[in-house]
Amino acid sequence: MRRKLAAGNWKMNGTSASLPELQSLATSYPSASVDVLICPPATLLHRAADVAKDTAITVGGQDCHAAESGAHTGDISAQMLLDAGATAVILGHSERREDHGEQNEDVRAKARVAMDAGLKAIICVGESLEQREAANTLDIIGGQMSGSIPDQSTGENLIVAYEPIWAIGTGKVPTLDEIGEVHDFIRARLERRFGEGVGRSVRLLYGGSVKPSNAGDIFAVSNVDGALVGGASLKSQDFSGVIDALQKS
Ligand code: PGA
């Protein structure tokens, strides 16, 4: 059985003034039947980990460098995330791929170092609108998976997030059939590469305009084990709606 996961990505949002949102989430979920992860900006990670301590919530990073340490001004290592209290790190988000030119092999190198450090790697894949309209979605996802997911992956250290780029922050969501098609494809690819046991144990998240009002329908789709949520993770009330929908699914 795969344990479901509601993951929140605060992106470049949040200062100390946002910690009460996390506090209120922590108070609401001293325990939960699903995993709950919040990925705040790195500047808040340590304090967020303290706020979430002894609750159902864990915290994670939004990126890490592919090297263990060294002369990389402005970057953050997997060990630093771990030291600040992170249990996981988002890697290869389309905004990183777009803003920083990250390629599949960069994502793979980062995932290796994150896994070696003991972090779960949430590896993001997803097609652009142009690629979907050209009926290239599965080819693109397949290529991103082979390029970005390292060989050492297991059901414990790998989570894959399917995030169609055109659905992120736009309010647009693929149909449930479209989500199901991609998630079934990702599952089949993982089983083929890693064997049935590992392939079936990796959690698959859907991400892109998930909110309380559509979460229940999305969570009923086969091979959707949770969500990676941007905008609706910023307010505890919205994110609680997503967590509750996941707990009911
Ligand atoms: P969104 O972002 O929920 O605001 O669409 C999702 C993501 O980028 O992870």
Side-chain angles (χ1 to χ4, degrees), residues 4-14 18 21-22 25 34-42 44-45 48 57-64 81 86-100 102 107 110-111 114 119-129 131-132 137 140-141 144-145 148 158-176 178-179 182-183 186 203-219 221 224-246:
K4 294 178 175 163
L5 168 63
N9 174 10
W10 283 10
K11 308 190 178 183
M12 200 173 71
N13 298 294
S18 318
E21 288 297 330
L22 184 62
L25 209 58
V34 300
D35 287 345
V36 182
L37 175 76
I38 290 285
C39 301
L44 289 181
L45 199 49
I57 297 156
T58 61
V59 298
Q62 299 177 10
D63 177 51
C64 70
L81 294 176
T87 59
V89 58
I90 300 168
L91 293 172
H93 190 283
S94 60
E95 288 151 14
R96 300 283 321 169
R97 292 179 188 260
E98 174 81 10
D99 295 354
H100 300 272
E102 285 187 13
V107 178
K110 288 174 178 213
L119 295 172
K120 296 179 200 307
I122 303 177
I123 297 184
C124 303
V125 296
E127 82 287 0
S128 66
L129 189 55
Q131 290 163 338
R132 173 160 286 277
T137 298
I140 294 293
I141 306 288
Q144 289 172 333
M145 288 179 68
S148 309
L158 173 69
I159 295 157
V160 178
Y162 168 52
E163 299 208 306
I165 298 167
W166 51 276
I168 296 175
T170 58
K172 291 185 195 141
V173 178
T175 65
L176 299 179
E178 286 168 339
I179 295 175
V182 175
H183 279 243
I186 295 174
R203 290 177 285 180
L204 309 186
L205 309 182
Y206 167 76
S209 298
V210 175
K211 48 186 189 244
S213 59
N214 61 17
D217 288 342
I218 293 171
F219 295 150
V221 175
V224 173
D225 303 309
L228 179 55
V229 183
S233 71
L234 294 172
K235 293 272 170 256
S236 63
Q237 203 184 348
D238 294 337
F239 200 48
S240 299
V242 174
I243 297 169
D244 294 345
L246 190 59

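Bear in mind the structure is a predicted one, so any value in this text is a computation, not a measurement. Both counts, for ligands and for their atoms, begin at 1 and track the order of listing.
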> Applying a heavy-atom distance cut-off of 4.0 Å, which protein residues contact ligand 1?
Replying inline: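 Within 4.0 Å of ligand 1, the protein residues are Asn9, Lys11, His93, Glu163, Ala167, Ile168, Gly169, Gly208, Ser209, Leu228, Val229, Gly230, Gly231.
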> Pick from Ile122, Ile90, Leu234: which one makes a side chain to side chain contact (heavy atoms under 4.5 Å, CB included) with Asn9?
Replying inline: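 Result: among Ile122, Ile90, Leu234, Ile90 is the only option passing the side chain to side chain contact (heavy atoms under 4.5 Å, CB included) with Asn9.
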>> List the residues meeting ring-ring contact (aromatic ring centres under 6.0 Å, His included) with Phe239, not counting sequence neighbours, and say none if there are none.
In response: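 Here no residue qualifies.
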> Distance only, no hydrogens: is a donor on one side chain within 3.5 Å (strictly under) of an acceptor on the other, for Gln131 and Ser128?
Replying inline: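 There is such a pair between these side chains.
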Are the side chain of [X] and the backbone N or O of [Y] linked by a donor-acceptor pair below 3.5 Å?
| X | Y | result |
| --- | --- | --- |
| Glu127 | Pro164 | no |
| Arg97 | Cys124 | yes |
| Asp244 | Gly241 | no |

